[in-house]
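Chain letters run A, B, ... following the sequence lines, proteins first, then strands; residues in each count from 1. Computed from a predicted structure; not experimentally measured.
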2 protein chains.
Amino acid sequence: MLKKDGVTIYHIAKEAKVSPATVSRVLTGSANVREPAKSRVLALINKYNFKPNVMAQSLYLKQSKMLGIILPDIDHPFYSMIVKQLESQALERGYTCLLCNSMQNFSIEQAYLDNLISRQVDGIVFLGGRINQTHPTEELLTGMNDSLRHVPIVFVNGKMDGVNAHTIRTDEASGVRRLLDMLIHHGHKTIGLIGGVVGVSSTDEKISVFRETLKEKRLMVKEEWIHSSGYSIEGGEQDAMHLLHLDERPTAVMCINDFVAIGAIKMFRKFGLKVPGDVSVTGFDDTYLSEHFPPGITSVNHNYQKLAKKTIETLIGLISHEEQEKETIIPTYVTIRNSCEEWKQP
Amino acid sequence: MLKKDGVTIYHIAKEAKVSPATVSRVLTGSANVREPAKSRVLALINKYNFKPNVMAQSLYLKQSKMLGIILPDIDHPFYSMIVKQLESQALERGYTCLLCNSMQNFSIEQAYLDNLISRQVDGIVFLGGRINQTHPTEELLTGMNDSLRHVPIVFVNGKMDGVNAHTIRTDEASGVRRLLDMLIHHGHKTIGLIGGVVGVSSTDEKISVFRETLKEKRLMVKEEWIHSSGYSIEGGEQDAMHLLHLDERPTAVMCINDFVAIGAIKMFRKFGLKVPGDVSVTGFDDTYLSEHFPPGITSVNHNYQKLAKKTIETLIGLISHEEQEKETIIPTYVTIRNSCEEWKQP
DNA sequence: CTGTTAGCGCCTTCAT
DNA sequence: ATGAAGGCGCTAACAG
C-alpha cells in the first residue's frame with residue numbers, strides 16, 4: 001500500500017527492445033550505445049520522466065554521495081551562514097547534504113549520528129555540540145569514536161581529546177588578540193569579556209587568550225568583568241546587567257558572539273550608556289546582524305567560504321582515502337564597524 | 001577503492017550460527033527469536049556496532065523514511081524557524097529531512113527536486129521560490145507537475161495555478177487586516193506598505209488586501225506609498241528612503257517582513273525620525289529579530305509550530321494514501337511590541 | 001520458531 | 001556494441 005509506482009530500467013529496456021544493461025549504459029555513459037537504440041532509450045526516459053533509483057545505485061556502488069551535517073541550532077546565523085556555504089560546496093562536487101539540528105541535545109546528536117551512518121552517508125561534518133565540550137563524558141567520547149569507525153568525520157571548530165578526527169578550525173585566538181589590540185590602541189585600559197558557557201572550548205579558549213593577552217599588555221584582568229550567561233541575546237543582556245551592577249565598569253566589552261553583543265548593547269543603552277561613547281563593544285562571527293544592528297558591530301569574520309571549502313575538500317579527500325592535514329587553520333579577520341571608539345578620559 | 005568496510009547481517013548470522021533472516025528478525029522485531037540465539041545476535045550487533053544499511057532496507061521496502069525540504073534561503077529567520085519545527089515534527093514520526101537551499105535560483109530548485117526524487121524521498125515540503133510566483137513560466141509549471149507525478153509535495157504558503165498540490169497556508173490576509181485595524185485604531189489615517197517583490201504572491205496578496213481594507217475604511221490609498229524593493233534589510237532601507245523623499249509621508253508604514261522593517265527603521269532613524277514617535281512601523285513573520293531589534297517590532301506570527309505540524313501531518317497522510325484537505329489555513333496572530341503608537345496630530 | 005529463497009533497482013564483469 | 005547473470009544488503013513469504 002505504501003509502494004511507489006516504479007518505472008525501472010527494465011520497463012524502459014523492454015519497450016526499447018534492448019537489455020537493461022544497455023539502458024544503464026546510456027544512463028551512466030559508461031559505454032557507447034549505437035544510434036538507433038540510444039535514441040529510443042532516451043526518448044522513453046523522457047517520456048516517462050524516468051529518474052534512476054539512487055538507493056539502488058548506491059547500494060551497488062557503495063557510495064551514497066550524501067554528506068551529513070550535524071549542528072546545534074540552524075537558527076543561529078553563524079550556523080546558517082556556514083551551512084549555506086557547506087551545502088553549495090558539496091553541491092558543486094556532486095554531494096547532497098543531510099542537515100541535522102541536534103537542538104543542543106546530546107541524545108538527539110547521537111541519534112542523528114547513528115541515523116546518518118545507517119543511511120550510508122559518505123562523510124559527516126560536525127559543528128558544535130559535544131566537540132566543543134572541554135570535558136565530554138565517556139559516553140559522548142565512545143559514541144564519537146564508534147561513529148568514526150564507520151565513516152569519515154570532520155570537526156569544524158572543535159576537538160575531542162582521545163578522538164582522532166580531522167579538524168578545520170578558524171583562528172579565533174588571533175581574532176581575540178586583534179580585537180584586543182584595537183581596543184588597547186584606542187586607549188581602553190579596562191576591558192571585559194562576556195557571554196558563552198564555561199566548559200565549552202570556544203568560550204574557554206577565548207577567555208584564556210583574553211587573560212594572557214591582557215597580562216602581556218600589563219593590563220588588569222578583573223575577574224568580575226568576565227561573565228558568561230550563554231550564547232543568546234538574552235544571555236548578553238544578563239551579562240551586561242551584571243557589569244552594570246558593578247562599582248567599577250570596564251570601558252570596553254568583548255562579546256563571545258554577535259548575539260551576546262546585541263543583547264549587551266540593548267542593555268547598556270537601556271541604562272543610558274552610549275555605545276560606543278560610554279562603552280565600546282565588540283562582537284564575534286561577523287554575521288549579517290552585526291552589520292545591521294545599530295550602531296553596527298565590530299566583529300571577527302570566520303572566512304565562511306574558505307572555511308566551508310576547506311571542510312568539504314578535506315572530507316571528500318578522506319572519503320577518497322587521500323591523506324589529509326590533521327588540522328587546518330583558517331585565518332580570521334576583523335570587520336570594523338561603529339561599536340568601538342577611542343576612549344576619552346572623562 | 002571507495003568501498004566501505006561492511007559488517008552485514010550475513011556476517012552476524014554466520015558468527016551467531018543462525019540464518020540472515022533470524023538476524024533480520026531480531027533487528028526489526030518482526031517475529032520472535034528464541035533465547036540462546038537472540039542474545040548471541042544482540043551481542044554481535046553490539047560488538048561490531050552494527051547498523052543496518054537503510055538503503056538496502058529502503059530498496060526493498062520501497063520507502064526511504066526521508067522527507068525533502070526545498071526553500072530559498074535558510075539564512076532568513078522565517079525559513080530557519082520553520083525548518084526547525086518541520087525537522088522536529090518529522091523526527092517524531094521517524095522521518096529524516098533532506099534540506100535543500102535553492103538560493104533563489106530556479107535551476108537549482110529544479111535540480112534539487114529531481115535529486116530528491118532520485119533519492120526516493122517519500123515526500124517533499126516546498127517553501128518559497130516558484131510556488132510564490134504569481135505568473136510562473138510554463139517550464140516551472142511542468143517541472144512541478146512532473147515531480148508531483150513521482151511523489152507527494154506539500155506547498156507552504158504558496159500555490160500554482162494548474163498544479164494540483166496540497167497547500168498549508170498561514171492566514172496572512174487576516175494578519176494584514178489586523179495590523180491595519182490596529183494602526184487605524186491608533187488614529188493613523190495615512191499608511192504605506194513597503195517591501196517585497198511585485199509578482200510574488202505573498203507580496204501581491206498583502207498589497208491587495210492592504211488596498212481593499214483601506215478602501216473599506218475609506219482611507220486614502222496613495223500609490224507612491226506602496227513600494228517594493230525586495231525582502232532584505234537593504235531593501236527596507238531603500239523603500240524607506242523612497243518614502244523619505246516624498247513631499248507627503250504616511251504616519252505609519254507596514255513592512256512585508258521583519259527584515260524590511262528593520263531596514264526601514266534604521267533609515268527613518270538615520271534621517272532623524274523617531275520610531276514610533278514620528279512614524280509607526282510594523283513587521284511580519286514575528287522572527288526572533290522583531291523582538292530584539294529596537295524598539296521591538298510589532299509583527300504577525302505564523303504559528304510556526306502549528307504550521308509545521310499540520311504540514312508534516314498532511315504530507316505523511318498523503319504518503320500513506322490517506323485523503324487530505326486540499327488547503328489548510330493556519331490562523332496568525334499579532335505580537336504587539338513598541339514600534340507602533342497612537343498618532344497625535346502635530 | 002527458523003532456514004531457504006527470491007527480489008527490491010541498478011551496475012558491471014564476462015561472454016558473445 | 002550488446003545481452004546474460006550475479007550481487008550490493010536487506011526483508012518477506014514460504015516451507016519445514
Side-chain angles (χ1 to χ4, degrees), chain A residues 1-42 44-45 48 50-66 117-122 150-151, chain B residues 1-42 44-45 48 50-66 117-122 150-151:
Chain A
M1 55 164 295
L2 275 175
K3 313 282 171 185
K4 301 255 190 60
D5 52 316
V7 173
T8 70
I9 54 172
Y10 288 92
H11 297 91
I12 309 241
K14 197 168 174 188
E15 194 168 339
K17 300 190 200 311
V18 294
S19 78
T22 300
V23 177
S24 174
R25 287 185 186 109
V26 342
L27 230 39
T28 63
S30 59
N32 283 331
V33 174
R34 276 229 184 72
E35 215 4 291
K38 186 169 182 179
S39 292
R40 291 205 308 276
V41 171
L42 252 11
L44 288 169
I45 287 179
Y48 291 116
F50 169 76
K51 308 235 189 340
N53 182 328
V54 173
M55 304 216 127
Q57 288 181 163
S58 301
L59 187 59
Y60 182 88
L61 299 174
K62 288 171 174 301
Q63 56 162 345
S64 64
K65 288 285 183 178
M66 284 198 306
I117 292 171
S118 269
R119 289 193 181 278
Q120 311 298 115
V121 295
D122 295 331
H150 289 282
V151 65
Chain B
M1 54 164 293
L2 276 176
K3 312 283 170 185
K4 302 253 191 61
D5 54 315
V7 173
T8 71
I9 55 171
Y10 287 93
H11 297 93
I12 309 237
K14 198 169 175 189
E15 196 168 337
K17 299 191 201 311
V18 295
S19 78
T22 299
V23 177
S24 174
R25 287 185 185 108
V26 343
L27 232 38
T28 62
S30 59
N32 283 331
V33 174
R34 277 229 183 73
E35 215 3 289
K38 187 169 183 180
S39 292
R40 291 205 308 276
V41 170
L42 251 13
L44 288 168
I45 288 178
Y48 291 117
F50 169 75
K51 308 236 189 337
N53 183 328
V54 172
M55 302 216 130
Q57 289 181 162
S58 301
L59 188 58
Y60 183 87
L61 298 175
K62 287 170 177 300
Q63 56 162 347
S64 63
K65 288 285 184 177
M66 284 198 305
I117 292 171
S118 269
R119 289 193 181 278
Q120 311 298 117
V121 295
D122 295 331
H150 289 282
V151 65

Enquirer: Anything under 3.5 Å between a protein N or O and an N or O of nucleotides 6-8 of chain C, put it in a table, one pair a line.
Expert:
unit_1, atom_1, unit_2, atom_2, d
C/dC8, O3', B/Lys62, NZ, 3.1
C/dC8, O2, B/Tyr60, N, 3.4

Enquirer: Not counting sequence neighbours, list each pair that qualifies as a salt bridge (Lys or Arg N to Asp or Glu O under 4.0 Å) and has a residue in residues 21-36 of chain A.
Expert: none
Enquirer: Check the distance between C/dT2's C1' and B/Lys14's NZ and give it to me in whole angstrom.
Expert: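 Spelled out: NZ on B/Lys14 to C1' on C/dT2 is 19 Å.
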Enquirer: Apply salt bridge (charged side-chain N to carboxylate O under 4.0 Å, His left out) to A/Lys65 and list each qualifying residue two or more places apart in sequence or on a separate chain.
Expert: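 Salt bridge (charged side-chain N to carboxylate O under 4.0 Å, His left out) check on A/Lys65 returns nothing, list empty.
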Enquirer: Quickly work out the A/Met55 CE to D/dG7 P distance and round it to whole Å.
Expert: 23 Å
Enquirer: In whole angstroms, how far is the C1' atom of C/dC11 from the CG atom of A/Asn53?
Expert: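 Between C1' of C/dC11 and CG of A/Asn53: 13 Å.
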Enquirer: Restricting to side-chain hydrogen bond (donor to acceptor under 3.5 Å, both in side chains), what partner residues turn up for B/Ser24, sequence neighbours left out?
Expert: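 Partners of B/Ser24 under the side-chain hydrogen bond (donor to acceptor under 3.5 Å, both in side chains) test: none.
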Enquirer: Which residues in residues 25-41 of chain A have a heavy atom closer than 4.0 Å to any atom of DNA chain D?
Expert: A/Arg25, A/Asn32, A/Val33, A/Arg34
Enquirer: Is B/Thr22 near enough to C/dG3 that one of its side-chain N or O atoms lies under 4.0 angstrom from OP1 or OP2?
Expert: yes
Enquirer: Restricting to side-chain contact (heavy atoms from CB on, under 4.5 Å), what partner residues turn up for B/Ser58, sequence neighbours left out?
Expert: A/Met55, B/Val54, B/Ser64
Enquirer: Quickly work out the B/Ile9 CD1 to C/dG3 C1' distance and round it to whole Å.
Expert: 13 Å
Enquirer: Grab the CD-P distance between A/Gln57 and D/dG9 for me, whole Å please.
Expert: 16 Å
Enquirer: Looking across every strand, which nucleic acid part, if any, lies under 4.0 Å from A/Val18 by heavy atom: base, sugar-phosphate, or nothing?
Expert: sugar-phosphate
Enquirer: Rounding to 10 degrees, work out the angle separating the end axes of the helix from C/dC1-D/dG16 to C/dT16-D/dA1 (five pairs an end).
Expert: 40°
Enquirer: With a sphere of 6.0 Å drawn around NZ of B/Lys38, does it hold more than 12 non-hydrogen atoms of other residues, nucleotides or ligands?
Expert: no
Enquirer: Rounded to whole angstroms, how far apart are NZ on B/Lys17 and P on C/dT2?
Expert: 16 Å
Enquirer: If you apply the rule side chain to side chain contact (heavy atoms under 4.5 Å, CB included), what do you find for B/Ile12 with B/Val7, and how did you get there?
Expert: CA-CA 8 Å; B/Ile12 309 237; B/Val7 173; 4.1 Å; yes
Enquirer: Any pair with a residue in residues 6-22 of chain B that passes salt bridge (Lys or Arg N to Asp or Glu O under 4.0 Å), sequence neighbours left out, goes on the list, sorted by first then second residue, please.
Expert: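 Sorted pair list: B/Glu15-B/Lys47.
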Enquirer: Under the rule for side-chain hydrogen bond (donor to acceptor under 3.5 Å, both in side chains), what residues qualify as partners of A/Ser30, not counting sequence neighbours?
Expert: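 With neighbours one apart ignored, the set is A/Thr28.
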Enquirer: For B/Thr8, what residues pass the side-chain hydrogen bond (donor to acceptor under 3.5 Å, both in side chains) criterion, not counting sequence neighbours?
Expert: B/His11
Enquirer: Could you tell me which residues satisfy side-chain contact (heavy atoms from CB on, under 4.5 Å) with A/Pro20, sequence neighbours excluded, listed by chain and number?
Expert: A/Ile9, A/Tyr10, A/Ala13
Enquirer: Return the set of residues passing side-chain contact (heavy atoms from CB on, under 4.5 Å) with B/Leu59 (not counting sequence neighbours), or none when no residue passes.
Expert: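 Here the qualifying residues are A/Asn53, A/Ala56, A/Leu59.
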